[in-house]
**Student:** 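First, the structure itself, so that you have it in front of you.
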Amino acid sequence: MTMSRARVARRIATAAAVGGGGISLLGVAAVGVLLTEVRLARRTVGGSSDTPPCADGRYGAPFHHDDGRPPLRLAFLGDSTAAGQGVHRPRQTPGALLASGLAALSELPVEFRNVALPGAQSNDLERQVELILGEGGAEARPPDVCVIMIGANDVTHRMPLAESVRHLSEAVRRLREAGSEVVVGTCPDLGTIEPVYQPLRWVARRLSRQLAAAQTIGVVENGGRTVSLGDLLGPEFEAHPRELFGPDNYHPSAEGYATAAMAVLPTLCATLGLWPEEERPEPGRGEGILPVEQAAAEAAAEGGTEVSGRRAPWALLKHRRRRQLPDAEPSELPQIGW
């Protein structure tokens, strides 16, 4: 089964790389059933019109240094999950949680900027990258690391998977060329949304995981790293929907965002050389160096799994140990832009 998923993910990623059309995993009859179920689900799943709280600012004021080291710069791009929709306090958003965690582990202040847009699909990443790289003019220092969370709206709006991966891959390529490290939280498992029933639940889960695997191939082959969020949150959301879903039954709650942030933080720090674990596989933890499409398929099925590039066509599959997140409170707001 893993090899079958790996082959499909590779086909999608290849189509994205060469500019091909979408790859459909559903027949005409299945699409008809899916659309019927979507209409029923929309009556049940509450939409959230709340504006996500703004968490932009500087984190880790106690770590100010007089030795000339500049603060780290962290940028967030993506959709409503990256923006933190569903919570009401800035410190509850995933960006604030990761900025605080990064400050604590680096012992440096962290300047945080979030340009994620609720409802965004992957074709909005070009605009978001322009915002991040264009701020401050040509002489501005790019972010040290960018986190992207995207993909759910691509599935629900039926964007061709190859098109989705192409937009994400291009965003990663541009950010890496500008000098930023990139960590992508891949498409979440939409089959965990509580009011969504069969057969839509099965279809949503299948499409989500196929997109997550194809995203991983595109990201890794353009110099980024991925962390699988889908299966990580899936069992926990299904077991504790009242705790991990917000009031709209769609976006994560504060506890749900903290769960996702704890999974991303080790990879965020590792990409900056701040994580104590070595960059090598531990076979006893199910890690290994695998063909990138196989690593992508395995990661999509097991949440919290990191995939990073090695010499093509290989990738490193890691299950990094997590740490408790510190409290997230910005110490000061930036003046202009960063």
Side-chain angles (χ1 to χ4, degrees), residues 38 41-56 74-99 112-129 131-132 146-159 164 167-168 171 182-196 200 204-205 207-208 211-212 215 226-230 232-234 236-237 241-264 303 328:
V38 166
R42 284 176 178 166
R43 298 175 187 172
T44 309
V45 177
S48 175
S49 60
D50 295 339
T51 300
C54 179
D56 289 10
L74 168 65
F76 251 57
L77 305 86
D79 55 22
S80 57
T81 302
Q85 190 162 12
V87 296
H88 300 287
R89 296 180 177 86
R91 62 183 175 84
Q92 297 173 324
T93 63
L97 292 166
L98 287 172
F112 174 63
R113 175 82 168 102
N114 195 334
V115 297
L117 178 68
Q121 299 176 52
S122 292
N123 55 8
D124 191 57
L125 288 176
E126 180 179 5
R127 181 190 65 84
Q128 295 182 29
V129 169
L131 287 175
I132 289 297
C146 298
V147 175
I148 303 175
M149 295 180 178
I150 200 84
N153 295 317
D154 297 358
V155 174
T156 59
H157 290 76
R158 295 188 296 151
M159 176 182 286
S164 172
H167 289 302
L168 176 59
V182 181
V183 175
V184 174
T186 54
C187 183
D189 184 352
L190 298 179
T192 62
I193 299 173
E194 191 183 27
V196 176
L200 177 58
R205 173 160 292 163
L207 289 174
S208 301
L211 178 56
Q215 285 178 324
T226 63
V227 179
S228 170
L229 300 181
L232 167 76
L233 297 180
E236 296 184 48
F237 272 48
R242 296 291 177 261
E243 291 78 17
L244 295 181
F245 277 121
D248 63 4
N249 286 332
Y250 185 85
H251 294 96
S253 65
E255 291 82 1
Y257 280 127
T259 299
M262 280 192 291
V264 173

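Quantities reported herein were computed from a predicted structural model and do not represent experimental measurements.
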**Student:** Calculate, to the nearest 0.5 Å, the distance between atoms CG and OG belonging to Leu168 and Ser122 respectively.
**Tutor:**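 It is 6.0 Å, given to the nearest 0.5 Å.
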**Student:** Give me the atom names and distance for the closest heavy-atom approach of Ala75 to Ile132.
**Tutor:**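 That closest heavy-atom pairing would be CB-CD1, 3.6 Å.
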**Student:** What closest approach, in Å, do Gly84 and Tyr257 show between heavy atoms, and which atom pair accounts for it?
**Tutor:**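 Of all heavy-atom pairs spanning Gly84 and Tyr257, the closest is C-OH, 3.5 Å.
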**Student:** Give, for atom OG1 of Thr93 and atom CG of Asn114, the distance between the pair rounded to the nearest 0.5 Å.
**Tutor:**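 Between atom OG1 of Thr93 and atom CG of Asn114 there are 7.0 Å.
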**Student:** Between Gln215 and Thr226 (side chain of the first, backbone of the second, donor and acceptor by atom type, cut-off under 3.5 Å), is there such a pair?
**Tutor:**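 Not at all, since once roles are kept as given, no pair shorter than 3.5 Å links the two residues.
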**Student:** For Val129 versus Ala171, what's the shortest heavy-atom pair and its separation?
**Tutor:**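 That would be CG2-CB, 3.8 Å.
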**Student:** At what distance, to the nearest 0.5 angstrom, does CG of Leu125 lie from CD1 of Ile150?
**Tutor:**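 Nearest 0.5 Å value for the CG-CD1 distance: 4.5 Å.
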**Student:** Mind listing the closest non-hydrogen atom pair of Ala116 and Pro118 along with its distance?
**Tutor:**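 Closest approach of Ala116 to Pro118, heavy atoms only: O-CD, 4.1 Å.
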**Student:** Roughly how far apart are Asp56 CG and Phe76 CZ, rounded to 0.5 Å?
**Tutor:**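 Atom-to-atom, Asp56:CG and Phe76:CZ are 11.5 Å apart.
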**Student:** Do Leu229 and Val264 make a side-chain contact, defined as non-hydrogen atoms from C-beta onward lying under 4.5 Å apart?
**Tutor:**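 Yes; the side chains approach each other to less than 4.5 Å.
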**Student:** Are any non-hydrogen side-chain atoms of Ser164 and Leu211 less than 4.5 angstrom apart?
**Tutor:**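 The answer is yes; the side chains approach within 4.5 Å.
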**Student:** To the nearest 0.5 Å, what is the distance between OG1 on Thr51 and CD on Gln85?
**Tutor:**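 Answer rounded to 0.5 Å: 8.0 Å.
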**Student:** Closest heavy-atom contact between Pro188 and Ala152?
**Tutor:**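 Residues Pro188 and Ala152, closest heavy atoms: CG-CB, 4.1 Å.
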**Student:** Side chains of Val155 and Cys187: closer than 4.5 Å at any heavy-atom pair?
**Tutor:**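 They are in contact (side-chain heavy atoms under 4.5 Å apart), so the answer is yes.
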**Student:** Using the test side-chain hydrogen bond (donor to acceptor under 3.5 Å, both in side chains), find all partners of Arg127 that sit at least two apart in sequence or belong to another chain.
**Tutor:**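 So Arg127 forms a side-chain hydrogen bond (donor to acceptor under 3.5 Å, both in side chains) with Asp124.
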**Student:** Quick check against the 3.5 Å criterion: does Asn153 have a side-chain atom that pairs as donor or acceptor with the backbone of Gln121?
**Tutor:**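 Between the backbone of Gln121 and the side chain of Asn153 there is no qualifying donor-acceptor contact (under 3.5 Å).
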**Student:** If you take all heavy atoms of Cys146 and Leu77, which pair is closest and at what distance?
**Tutor:**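 The answer is CB-CD1, 3.9 Å.
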**Student:** As an exercise, state the distance from CD of Gln128 to CG of Asn123, rounded to the nearest 0.5 Å.
**Tutor:**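 These two atoms lie 10.0 Å from each other.
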**Student:** Is a side-chain N or O of Glu126 found less than 3.5 angstrom from the main chain of His167, in a donor-acceptor match?
**Tutor:**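 Pair absent, no side-chain N/O of Glu126 close to backbone of His167.
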